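Report on the following structure.
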Amino acid sequence: MSGHSQFALLGERRFAPFFWTQFLGAMNDNVFKNGMIIFMAFGGMTLAGMDSNLLVNAAGAVFILPFVLFSAFAGQLADKYEKTRVVRGVKIFEIVVMALGAVGFVTANLAILFIALFAMGLHSTLFGPVKYSILPQALQQDELVGGNGLVESGTFVAILLGTIAGGVLVAMKPSGPMIVAASTIVLAVIGYLVSRSVPEAPATDPTLKLNWNPFTETAANLRLAAKNIVVWRSMLGISWLWFYGAMLLNQFANMSKDVLGGNEQVATALLAVFAVGVAVGSLLCERLSGKKVEIGLVPFGSIGMSLFAIDLYFATKGLKPVGHSGVGEFIAKPEHWRVIADLFLLSVSGGLYSVPLYALIQERADPSHRSRIIAANNILNAIFMVVSALLAIALIKFAHFNVPELILTIGVLNAVVATYIYTLTPEFLLRFLCWMLISFAYRLRVKGLENIPDKGPVIVVANHVSYVDALVITAACRRPIQFVMDHNIFKTPVLAWVFRQMKAIPIAGAKEDPAMMAQAFERVKQTLADGDVVGIFPEGKLTKDGEMNPFRPGIERIVAETGVPVVPLALRGLWGSFFSRSVDGQAFKRVRGFFNRIELVGGSLVPAGNVTAPGLEADVKHLRGDVR
């Protein structure tokens, strides 16, 4: 995919039919669901003693419940059978469900509509593991982020079109419900016809024995996912996004009616703004990540999700609704533009947050049970969404929260949960912090870093110019790196906390502290045995004059004992900047000022058998060129 836009995939049979199949399914979900919500919210309908406010939140829980009950079975199906067979079976089931839903709309029977909503949730449950596990089979490694971005953005554009269509069609008098009923059946039929063009995707575990017990299989899937800590914590991060999104999206109808003084069209417009924002954020991920899985986008997105949700609370708090105006009157009021801006930026942040996490799960999960990992993710998502709906109902019924207060609650909770997740998985936050620190001080340009393998153990070596060399390399490289660094630099004020979170390995000379040196070598070998990346500055100390010091032979010992290849890196332009030593040997004495142009240049991978300290030194000098 190198040199090509992610949109080129839409012209290829290996991706396009699947994309449009899932697009039509997501659109149909939302034509039905939003039509039903608007039908209840503005029709003054009740069921089992619940008013429209509670019914809207209950509908969210009913739609999600099948994900809890049946995701484990859906994951087994997607691993055991050829995936297009599963896709086409699911699309046939969708036609049957929409026929049942049509009966509910035509007869205005809420009980039937809720049954159909549950069945539509089951349809999405069965499709979910296929949706994400088929992508790594159809796409190349450097297409994975772009493909996920297209699927995520396409899903939310489909949500946009579906919510608009559902809201507009159901509001048509007097036959709106019947029009919605007919539309959902037509979309289901078209989706099935398109699915017949999806290319075959072979089963990844055809010998798998199906476990029909949803409870034991759910537990097994969750245990399977938890074995890979990065995948597991990425799943928790995604599940929190769905908790957040479910609570927020379920409030739009009542926010329009009770807070903004809008009608059904305004409720649909708010959902449209949200969907467009997520689509924009998802599509931006490929450009911002350089077509690689960039976890540094995750904390950036989570910050926006809290910041703009909290501002949305203040934007809506003082509004006094008058009547039920249409979209034109709503947009004409200046105070509503802040609401629109907050919703849009909040949802862009959600797109930046979600795509890297989905791609990380697909990249790190074992292919033989990838569908079951996706199913475990869906189970967690569903549990979080059901809890979200129940929390919203409890806050409304018992704490008497209004819509702005619910929005403030989710914004504050997001900040708390994000902080907790990043303490568990500092890898997400560190990439962002390093990027922020380096962007504040320098203008960084990189090239040749594609020579660092995407997986497996590898050592990177670089010249040692400044106190922030490790941060510069961390900001530029997408794989987490554990650096071996002089124990004095490891203890640098302020930066010491960052180095500890990076799991940097402090080292001292053999004469200074032989025990620390021996411990450092053991940690390096264990890190490489775990398949991770180790960063080494073989000079052993910072340059005092801008010239490279000789590379010490410790790198030869590590390579000889581990058999791991090495990628040489050259830092250029850092000498004389604030964090390097100055011409008189002092540290932190500004010579060149801030925002200097610096470069990180990667060389070719050197096999373990060819590694020598003088050879690596020569490689780095060549890469460094004349700019120090």
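If you're wondering where the values come from, they're calculated on a predicted model, not measured in any experiment.
Looking at V620 and M548, their side chains come closer than 4.5 Å, going by heavy atoms from C-beta outward. For the pair F243 and I410, the minimum side-chain heavy-atom distance is below 4.5 Å. Here the side chains of L346 and L307 are not in contact, with every heavy-atom distance at 4.5 Å or above. Using a 4.5 Å heavy-atom cutoff, the side chains of V484 and V534 are in contact. Contact annotation: the side chain of L380 approaches that of L222 to within less than 4.5 Å [non-hydrogen atoms, C-beta and beyond]. Side-chain contact between R445 and V601 is absent, with no heavy atoms from C-beta onward closer than 4.5 Å. Here the side chains of V606 and P565 are not in contact, with every heavy-atom distance at 4.5 Å or above. Proximity of P506 to R500: side-chain heavy atoms (C-beta onward) are nowhere separated by under 4.5 Å.
Listed here is the closest heavy atom pair of V559 and V564: CG1-O, 3.6 Å. The minimum heavy-atom distance between A72 and I379, with the atom names listed, is N-CD1, 3.8 Å. Shown here for N451 and V567, the closest heavy-atom pair between the two residues is O-CG2, 3.6 Å. Scanning all heavy atoms of the two residues, the minimum distance from G535 to I481 falls at N-CG2, 3.5 Å. Residues Y244 and A309 share a closest heavy-atom pair of OH-CB, 3.4 Å. When all heavy atoms of P538 and A462 are compared, the pair lying nearest together is CD-O, 3.5 Å.
Atom CZ of F308 and atom CD1 of I407 lie 15.0 Å apart (nearest 0.5 Å). With rounding to the nearest 0.5 Å, the separation of CG in L312 from CG in L408 is 10.0 Å. Between the CD1 atom of I507 and the CG atom of N488 there is a distance of 12.5 Å, given to the nearest 0.5 Å. Once rounded to the nearest 0.5 Å, the distance linking OG of S604 with CG of D619 reads 8.5 Å. Here the CD1-CZ distance, from I555 to F551, works out to 9.0 Å after rounding to the nearest 0.5 Å. Separating the CG atom in N221 from the CD1 atom in I373 is a distance of 7.5 Å, to the nearest 0.5 Å.
With respect to the salt-bridge test (charged N to carboxylate O, under 4.0 angstrom), the residues E539 and R552 do not qualify. The pair E617-R624 does not meet the salt-bridge criterion, since no charged nitrogen lies less than 4.0 angstrom from a carboxylate oxygen. With respect to the salt-bridge test (charged N to carboxylate O, under 4.0 angstrom), the residues R372 and D205 qualify.
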| field | Worked verdict on L357 versus I361 for side chain to side chain contact (heavy atoms under 4.5 Å, CB included) | value | CA-CA 6 Å; L357 291 177; I361 291 173; 5.6 Å; no
| task | Test R479 against D532 for salt bridge (Lys or Arg N to Asp or Glu O under 4.0 Å), laying out the working first. | result | CA-CA 8 Å; R479 288 189 66 182; D532 295 325; 5.0 Å; no
| request: Take K621 and N463 through the side chain to side chain contact (heavy atoms under 4.5 Å, CB included) test and state the conclusion after the steps. | output: CA-CA 8 Å; K621 283 182 176 179; N463 53 318; over 6 Å; no
| query | Hey, mind stepping through E512 and H487 against side chain to side chain contact (heavy atoms under 4.5 Å, CB included) and telling me if it holds? | reply | CA-CA 11 Å; E512 182 181 4; H487 68 103; 2.7 Å; yes
| Verdict with reasoning, K447 to E599, per salt bridge (Lys or Arg N to Asp or Glu O under 4.0 Å) | CA-CA 8 Å; K447 58 183 177 180; E599 294 181 342; 5.2 Å; no
| said: Set out, in order, the CA-CA distance, both residues' side-chain angles and the distance that settles side chain to side chain contact (heavy atoms under 4.5 Å, CB included) for I536 and I459, then state yes or no. | reply: CA-CA 7 Å; I536 298 175; I459 300 169; 3.9 Å; yes
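Judged by distance alone, the side chains of W240 and N414 do bring a donor and an acceptor atom under 3.5 Å apart. Judged purely by distance below 3.5 Å, without hydrogens or angles, the side chains of S466 and D469 pair a donor atom with an acceptor atom. N381 and S239 share a donor-acceptor pair across their side chains, judged by distance under 3.5 Å alone.
The aromatic rings of F537 and H464 sit parallel to each other, their planes meeting at less than 30°, with 60° as the upper class boundary.
A distance of 6.0 Å or more separates the ring centres of F274 and F344.
The backbone N or O of A275 sits nowhere less than 3.5 Å from a side-chain atom of S347 that would complete a donor-acceptor pair. Without hydrogens or angle criteria, S153 side chain to L150 main chain gives a donor-acceptor distance under 3.5 Å. The closest donor-acceptor contact from the side chain of S388 to the backbone of F384 lies at 3.5 Å or more, if one exists at all. The closest donor-acceptor contact from the side chain of Y353 to the backbone of V348 lies at 3.5 Å or more, if one exists at all. In this structure, the side chain of S302 does not engage the main chain of A418 through any donor-acceptor pair within 3.5 Å. For E556 (side chain) and T612 (main-chain N/O), no donor-acceptor pair under 3.5 Å exists by modelled atom type.
Around the CH2 atom of W242, the shell of radius 6.0 Å holds no more than 12 heavy atoms that belong to other residues, nucleotides or ligands. The 12-atom threshold is exceeded at CZ of R338, counting heavy atoms of other residues, nucleotides or ligands nearer than 6.0 Å. Heavy-atom neighbours of K525 NZ from other residues, nucleotides or ligands within 6.0 Å: above the threshold of 12. Under a cut-off of 6.0 angstrom, the local environment of CD in Q519 is sparse, with at most 12 non-hydrogen atoms contributed by other residues, nucleotides or ligands.
Under a cutoff of 6.0 Å and an axis angle of 45°, R597 and Y442 do not form a cation-pi pair.
Partners of K541 by salt bridge (Lys or Arg N to Asp or Glu O under 4.0 Å), not counting sequence neighbours: none found.
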